[in-house]
Asks: 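Please see the structure below; I have some questions.
As a basis for the values below, the full set of heavy atoms in this structure was taken, side chains included, without hydrogen atoms, waters or symmetry mates. Note that this is a predicted model, so its numbers are computed, not measured.
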Amino acid sequence: MKNSRRNFIKKTVAGTTAFSLGGILPGFSAKSYANIMGANERIRVGVMGVNSRGLAVSSNFAVQTGCEVAYVSDVDSRAADKCMAAIEKLQQKRPKPAPDFRKALEDKNMDALIVTAPDHWHAPAALLACRAGKHVYLEKPCSHNPREGELLVAAQKKYNRVLQMGNQRRSWPKVMEAIAELHSGVIGRPYFAKTWYSNNRAAIGKGKIVPVPSWLNYELWQGPAPRQPYKDNLIHYNWHWFWNWGTGEALNNGTHMVDLARWGLQVDFPVKVSSAGGRYRYNDDWETPDTQVINLEFENNSMISWEGRSCNGQPVEGSSVGVLFYGETGSLLIEGGNAYTIFDLKGKIIKEVKHEDLIDPRNLSSPAQELDALHIRNFFDAIRNGAPLRSDITGGHQSTLLVQLGNIAQRTERTLQTDPKNGHILNDNEAMQLWSREYEPGWEPEV
C-alpha cells in the first residue's frame, strides 16, 4: 500500500511538472518538439499595471527563455518608467510604453497580456485581450464579481485562448506533492480544510478629496468602475479595501489558500456559505472586513473555513498563511512556503517535507520568484504546445467564486444556500444582486 501510494505521488507530480522543468511530453522527441508551431518562437507579452506586483511579475517574465516583455502599460507614469528601466536591464531591450493597454492590444505581434492591475480591471482587461486574440496571464482574483468570472469562462471557450490565473502555488513542486499525498489517502478521507491569512496593516485614515496628481490618469484607472472623486488615501494599495474597486482581504489573499483547500478536497461549488466579521480594528475609510471568517459546505460532506485578520498578524500553526487539512486518520499542513507536514491523529509528525531550492533559478532575486517562474513556464507550454494549465480559468473562477460568495454572505448578513452545479445563490434575489455590479456607462464588459 505504501509503495503504491508513493508511485501514485511520483507519477502525479512528475506528470504535471514535465513541461515547466524543461521536459518533453511522452511520444515527442526533441526534434519533433522543435517542429511544433511556435515552439521556438519568442513569446511577446505586454503587462498592464506595474506599480508593485506587476513589476515583480513582469520582471519574472523578462528573464524567462523565449520571452520578451514588449509593452509596459500603467496609468502611473512614474511606475511605468521604473518598470521599463528594470525590464531593459533584465532583457537588454527596452519595452515600448503604452499608457493605455488597449493600444498594445492592437499590435498583432503581441502574443499575450499580463494583467496585474487592480481587481476591478482584472476581468474587463482579460476579456478585451481575448477579443483581440491574445493569451492572458491573469493575477488573482480573476474577477471582481461572480458574473465576470462566468464571462471569462465563456470568453476562453469562444476565443480559444490560453487563460491562466496567477494562483502560483498550483505549480510549486512540494505543494503539488502534498496535494498528491492527500489524494492518495495519506490521512484517509479529508473532510475539513482550515485556511488563514494574517497581517498587521495600519489604518488608512479619513481621505480628503484632492486634485488628481499629474502623474496619474485617474479616468483610465477607474475604467469600468462607477466614478468616484479622487481621495488622497486610495492609490496605490488602499483601493483593496473599497468595494467599488477592491474585494477585501478575502480575495486579496484568501483566494490562494481557499484554492488549495478546494483542490485538496476535490470540490467545485458549495451548497451553503456563511460569513462573520467586520471593520473592527480602526475607525477609518476602510469598507471591507479587516477580520472575517468564511465557512463553505459541500455536497461530499466536507467543509472549507477561511480566517482573515488584516490588522493582527498573530500566526496560526506558526505561519501567517496556510491551509490545514483534517482527515479520518491524520492531518496535513501546507504553510506559506513550498513545504508540508503530515500528522497522525495524536498530533505526532509522521512526515515533514522541507523547502528545497530549485535546480534552475534563472538568477531571480528570491525563492518565491523562482517558484512562481514554474507557473509562468506552464503558461508558455500551454501556448506553445497545448500543455494542460495548472490553473485554467474554469478552476480559477471556481476558487475565486468561493470567497466572492463569502463576501456576499458578509454584505447581506445571512447564510446563503447555493446550487452545487454552478454556485448560484438560491431563493435570495437580494443576494443575487451582488452576483454582478454596476459599471460606468460605456465600460460594461462583454464576451
Side-chain angles (χ1 to χ4, degrees), residues 119-120 122-123 140-154 165 167 191-197 240-280 287-310 323 393-438:
D119 294 359
H120 69 286
H122 282 195
K140 58 77 206 160
C142 67
S143 57
H144 182 269
N145 57 76
R147 179 178 174 271
E148 289 181 352
E150 294 180 322
L151 291 177
L152 289 170
V153 173
M165 190 169 86
N167 42 340
Y191 54 83
F192 176 46
K194 178 178 74 174
T195 69
W196 66 90
Y197 175 82
H240 281 93
W241 324 126
F242 295 88
W243 292 119
N244 196 47
W245 307 286
T247 52
E249 201 75 87
L251 275 77
N252 183 37
N253 278 294
T255 306
H256 282 299
M257 291 300 127
V258 170
D259 174 63
L260 295 187
R262 189 182 70 80
W263 185 16
L265 295 182
Q266 301 183 82
V267 294
D268 294 328
F269 301 105
V271 295
K272 186 163 70 172
V273 182
S274 63
S275 176
R279 177 55 167 162
Y280 294 153
E287 296 175 352
T288 64
D290 65 23
T291 307
Q292 186 177 14
V293 175
I294 296 172
N295 292 319
L296 305 118
E297 299 178 44
F298 298 86
E299 269 191 322
N300 69 343
N301 201 28
S302 68
M303 176 178 169
I304 295 172
S305 179
W306 180 74
E307 174 187 319
R309 285 178 284 107
S310 298
V323 54
I393 196 56
T394 298
H397 163 60
Q398 289 169 341
S399 293
T400 302
L401 176 61
L402 295 186
V403 274
Q404 286 172 335
L405 287 169
N407 275 345
I408 293 174
Q410 177 71 32
R411 297 175 75 179
T412 57
E413 299 183 330
R414 54 179 172 267
T415 298
L416 309 177
Q417 309 297 323
T418 53
D419 188 335
K421 297 189 296 294
N422 56 21
H424 282 222
I425 301 163
L426 301 174
N427 307 314
D428 192 333
N429 291 332
E430 182 184 350
M432 274 301 289
Q433 293 299 309
L434 294 173
W435 192 262
S436 186
R437 69 165 302 167
E438 292 184 3

Asks: Do Q410 and I408 make a side-chain contact, defined as non-hydrogen atoms from C-beta onward lying under 4.5 Å apart?
Replies: no

Asks: Drop me the distance from K140's NZ to T247's OG1, to the nearest 0.5 angstrom.
Replies: 7.5 Å

Asks: Measuring from H120:NE2 to N145:CG, what's the distance to the nearest 0.5 Å?
Replies: 12.5 Å

Asks: Which pair of non-hydrogen atoms, one from V323 and one from A261, has the smallest distance, and what is that distance?
Replies: CG2-CB, 4.2 Å

Asks: Step by step, would you call E307 with K194 a side-chain contact (heavy atoms from CB on, under 4.5 Å)?
Replies: CA-CA 8 Å; E307 174 187 319; K194 178 178 74 174; 5.8 Å; no

Asks: Contact between F269 and L402 at the side-chain level, heavy atoms closer than 4.5 Å - yes or no?
Replies: no

Asks: Report yes if the side chains of S275 and Q292 come closer than 4.5 Å at any heavy-atom pair, otherwise no.
Replies: yes

Asks: Just checking, is any N or O donor in the side chain of H240 or N252 under 3.5 Å from an acceptor N or O on the other one?
Replies: yes

Asks: Is there a donor-acceptor pair under 3.5 Å between the side chain of E287 and the backbone N or O of W243?
Replies: yes

Asks: A cation-pi test, strictly: NZ or CZ of R309 under 6.0 Å from the centre of the six-membered ring of W196 and no more than 45 degrees from its axis. Yes or no?
Replies: no

Asks: Just so I know, are the side chains of Q398 and V267 near enough to count as touching, which here means a heavy-atom distance under 4.5 Å?
Replies: no

Asks: Under the side-chain contact (heavy atoms from CB on, under 4.5 Å) criterion, do D268 and R262 qualify, and how do the steps go?
Replies: CA-CA 7 Å; D268 294 328; R262 189 182 70 80; 3.3 Å; yes

Asks: Please check: side-chain N/O of H122 versus main-chain N/O of P141, any donor-acceptor pairing under 3.5 Å?
Replies: yes

Asks: Could D428 and R414 be called an ion pair, given the rule that one side-chain N must be under 4.0 Å from one carboxylate O?
Replies: yes

Asks: Using only atom types and a distance under 3.5 Å, with no angle test, would you say the side chain of T418 pairs donor to acceptor with the backbone of P270?
Replies: yes

Asks: Between D290 and S310, is there a side-chain donor-acceptor contact under 3.5 Å, judged purely by atom types and distance?
Replies: no

Asks: Just verifying a value: how many Å separate H424 NE2 and Q417 CD, rounded to the nearest 0.5 Å?
Replies: 16.0 Å

Asks: Taking all non-hydrogen atoms of both residues, which atom of I425 and which atom of L416 are closest, and how far apart?
Replies: CD1-CD1, 4.1 Å

Asks: Check I393 against C142 and note the closest heavy-atom contact, atom names and distance.
Replies: CD1-CB, 3.8 Å

Asks: Do L296 and K272 come within less than 4.5 Å of each other through their side chains, counting heavy atoms only?
Replies: no

Asks: Could you give the distance from CG (L260) to OG1 (T255), rounded to the nearest 0.5 Å?
Replies: 11.0 Å

Asks: Just how far is it from atom CG of L426 to atom CG of D419, taken to the nearest 0.5 Å?
Replies: 5.5 Å

Asks: Could you tell me whether the side chain of W435 reaches within less than 4.5 Å of the side chain of L401, counting heavy atoms only?
Replies: yes

Asks: Looking at N295 and V273, would you say the former's side chain and the latter's main chain have a donor-acceptor pair under 3.5 Å?
Replies: no

Asks: Of all heavy-atom pairs between S143 and L251, which one has the smallest distance, and what is that distance?
Replies: O-CD2, 4.0 Å

Asks: Which pair of heavy atoms, one from A250 and one from V403, lies closest together, and at what distance?
Replies: O-CG1, 3.6 Å

Asks: Between H144 and R437, is there a side-chain heavy-atom distance shorter than 4.5 Å?
Replies: yes

Asks: A side-chain contact here means heavy atoms from C-beta on lying under 4.5 Å apart; do L151 and R147 qualify?
Replies: yes

Asks: For T288, does its backbone N or O pair with a side-chain atom of R411 as donor and acceptor, under 3.5 Å?
Replies: no

Asks: S302 side chain to F298 main-chain N or O, any donor-acceptor pair under 3.5 Å?
Replies: no

Asks: Return yes if some donor-acceptor pair links the side-chain N/O of T195 with the main-chain N/O of M257 below 3.5 Å, else return no.
Replies: no

Asks: Would you give the length of the straight line joining atom CD1 of I294 to atom CG of N407, rounded to the nearest 0.5 angstrom?
Replies: 5.5 Å

Asks: With side chain to side chain donor-acceptor pair (under 3.5 Å) as the test, would you mind laying out the steps for E249 and T291 before giving the verdict?
Replies: CA-CA 9 Å; E249 201 75 87; T291 307; over 6 Å; no

